[in-house]
Amino acid sequence: MGGLLVCLEDDCRRTYGVGLLGSRGCWRRAQWSWGYRSFPPPQPPRSWLGDATMAVGNINELPENILLELFIHIPARQLLLRCRPVCSLWRDLIDLVTLWKRKCLQEGFITEDWDQPVADWKIFYFLRSLQRNLLHNPCAEEGFEFWSLDVNGGDEWKVEDLSKDQRKEFPNDQVKKYFVTSYYTCLKSQVVDLKAEGYWEELMDTTRPDIEVKDWFAARPDCGSKYQLCVQLLSSAHAPLGTFQPDPVMIQQK
């Protein structure tokens with residue numbers, strides 16, 4: 001770690017650390033001049049330099065609860081990638097259940113009265129932090145951005161605004177648009193890179209987190225239609241490792 005300052009930085013450019021801060025820690029080596037005489041710059045007290053050096057050199061002698069408090073405010077990925085390998089003391093503190101439980105509480109993943117059993121609080125924290133809709137542009141707000149139109153039959157795919165009556169029936173009032181198919185087969189697809197979304201290989205291979213699939217669809221009453229959903233888990237070579245494909249839904253014309 002070296003030098004005068006031990007710090008860790010997150011993506012928001014905030015700095016956490018222990019070290020020499022303030023104007024007293026900066027002493028310029030320039031000479032001061034006046035007329036034909038030169039004067040050396042003022043020197044800091046020896047006792048102050050000695051105390052500061054000792055304080056920085058013994059960071060691991062801080063009480064463990066102080067170190068733990070610092071770790072709680074460092075982003076989780078930086079804790080594992082940058083802090084945990086530093087030494088056995090930091091590794092043991094970062095592996096404590098207490099730390100990850102407090103980080104879950106800090107992020108709002110649990111409440112003070114949480115009483116449900118958790119097998120691994122570290123894994124629980126990461127799974128909750130990654131819990132979101134992995135599809136990009138799921139509700140057509142950006143047109144067909146991120147989607148591949150694999151089959152575009154009939155009058156082709158369209159994007160339309162939900163009417164006021166449709167919004168009353170729709171389960172999410174934040175959705176304003178939707179994808180519309182034509183009078184012939186229309187298929188679209190999207191590939192989600194799980195690693196790019198934050199799911200590292202060990203997490204996927206060992207923990208194998210559940211994948212929840214949800215979609216809404218509706219049919220016109222004046223023509224029959226068929227709705228089909230297929231979700232596949234792919235390898236890095238795009239070979240199918242698992243497939244979720246419920247039976248197609250057939251809607252009869254009224």
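Because the structure is predicted, anything quoted here is derived from the model rather than measured. Reckoned from all heavy atoms, side chains included, excluding hydrogens, waters and symmetry mates.
Note that CD1 of Ile251 and OG of Ser225 are 3.5 Å apart. Values are rounded to the nearest 0.5 Å. Considering CG of Asp120 and OG1 of Thr206, their distance stands at 11.0 Å, rounded to 0.5 Å. To the nearest 0.5 Å, atoms CZ (Arg84) and CZ (Phe71) are separated by 11.5 Å. To the nearest 0.5 Å, the span separating CD on Glu202 from CD1 on Ile123 amounts to 7.0 Å. The distance from the CG atom of Asn65 to the OG1 atom of Thr98 is 11.5 Å, given to the nearest 0.5 Å. One finds the CG atom of Leu81 at 6.5 Å from the CD atom of Gln78 (value rounded to the nearest 0.5 Å).
Among residues two or more places apart in sequence or in another chain, the side-chain hydrogen bond (donor to acceptor under 3.5 Å, both in side chains) test is passed with Lys176 by none. Residues passing the salt bridge (charged side-chain N to carboxylate O under 4.0 Å, His left out) test with Lys188, sequence neighbours excluded: none. With sequence neighbours excluded, no residue forms a salt bridge (charged side-chain N to carboxylate O under 4.0 Å, His left out) with Glu145. For Gln232, the side-chain contact (heavy atoms from CB on, under 4.5 Å) partners are Cys230, Leu234, Pro240, Thr243, not counting sequence neighbours. With sequence neighbours excluded, the residues forming a side-chain hydrogen bond (donor to acceptor under 3.5 Å, both in side chains) with Ser189 are Asp150, listed by chain and number. Applying the salt bridge (charged side-chain N to carboxylate O under 4.0 Å, His left out) rule to Lys122 yields the partners Asp95; only residues at least two apart in sequence or on another chain are considered. Scanning for salt bridge (charged side-chain N to carboxylate O under 4.0 Å, His left out) contacts around Lys226 gives an empty result, with sequence neighbours left out. Looking at residues two or more places apart in sequence or on another chain, you find no side-chain hydrogen bond (donor to acceptor under 3.5 Å, both in side chains) involving Arg208. In this structure, Asp247 has no side-chain contact (heavy atoms from CB on, under 4.5 Å) partners at least two apart in sequence or on a different chain. When the side-chain hydrogen bond (donor to acceptor under 3.5 Å, both in side chains) test is applied to Glu156, no partner is found at least two apart in sequence or on another chain.
Between Cys186 and Gly153, the closest heavy-atom pair is SG-O, 3.7 Å. Of all heavy-atom pairs spanning Leu149 and Asn152, the tightest one is CD1-ND2, 3.9 Å. Residues Ile110 and Leu105 come closest through the heavy atom pair O-CD1, 3.6 Å. The two residues Trp90 and Cys83 have their closest heavy-atom pair at CE3-O, 3.4 Å. Between Leu99 and Leu68, the closest heavy-atom pair is CD1-CD1, 3.5 Å.
A donor-acceptor pair under 3.5 Å is formed between the side chain of Gln190 and the backbone N or O of His136. The main-chain N or O of Phe146 is never found under 3.5 Å from a side-chain atom of Asn137 such that the two would form a donor-acceptor pair. Between the side chain of Tyr199 and the backbone N or O of Leu130, at least one donor-acceptor pair lies under 3.5 Å. Using a distance-only test at 3.5 Å, with no hydrogens or angles considered, no donor-acceptor pair links the side chain of Thr207 to the main chain of Pro209. When atom types are taken as modelled, the side chain of Trp147 and the backbone of Pro138 share no donor-acceptor pair closer than 3.5 angstrom. Counting only distance, with no hydrogens or angles, the side chain of Arg77 and the backbone of Gly198 share a donor-acceptor pair below 3.5 Å.
By the neighbour-count criterion of 12 heavy atoms within 6.0 Å, atom CD of Gln106 is densely surrounded, having more than that number from other residues, nucleotides or ligands.
Contact of the Leu67 side chain with the Leu89 side chain is registered, since non-hydrogen atoms from C-beta on lie closer than 4.5 Å. Contact annotation: the side chain of Asp155 never approaches that of Tyr184 to less than 4.5 Å [non-hydrogen atoms, C-beta and beyond]. With contacts defined as side-chain heavy-atom distances shorter than 4.5 Å, the pair Val159/Phe179 qualifies. Side chains of Trp157 and Thr181 form a contact here, defined as non-hydrogen atoms less than 4.5 Å apart. With contacts defined as side-chain heavy-atom distances shorter than 4.5 Å, the pair Arg132/Glu197 qualifies.
Ionic pairing of Glu69 and Arg102 is present here: one or more N-O contacts between side-chain nitrogen and carboxylate oxygen are shorter than 4.0 angstrom.
Val191 is not connected to Leu241 by any chain of hydrophobic side-chain contacts under 4.5 Å among Ile, Leu, Val, Met, Phe, Trp and Tyr, and they are in different clusters.
If you chain together ILVMFWY residues whose side-chain heavy atoms come under 4.5 Å of each other, Leu187 ends up grouped with Val151.
The one candidate from Trp121, Phe126, Phe124 that meets the ring-ring contact (aromatic ring centres under 6.0 Å, His included) condition with Trp100 is Phe126.
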Could you walk me through whether Leu194 and Leu233 pass the side chain to side chain contact (heavy atoms under 4.5 Å, CB included) check? CA-CA 10 Å; Leu194 294 175; Leu233 181 64; 4.0 Å; yes
Tell me, with the steps shown, if Lys103 and Leu79 meet side chain to side chain contact (heavy atoms under 4.5 Å, CB included). CA-CA 12 Å; Lys103 287 186 76 67; Leu79 274 180; 4.1 Å; yes
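Aromatic rings of Phe109 and Trp114 (six-membered ring for Trp) have centroids beyond the 6.0 Å cut-off, not under it.
Listed by first then second residue, pairs satisfying ring-ring contact (aromatic ring centres under 6.0 Å, His included) with a partner in residues 215-254 read Phe170-Trp216, Phe217-Tyr227, not counting sequence neighbours.
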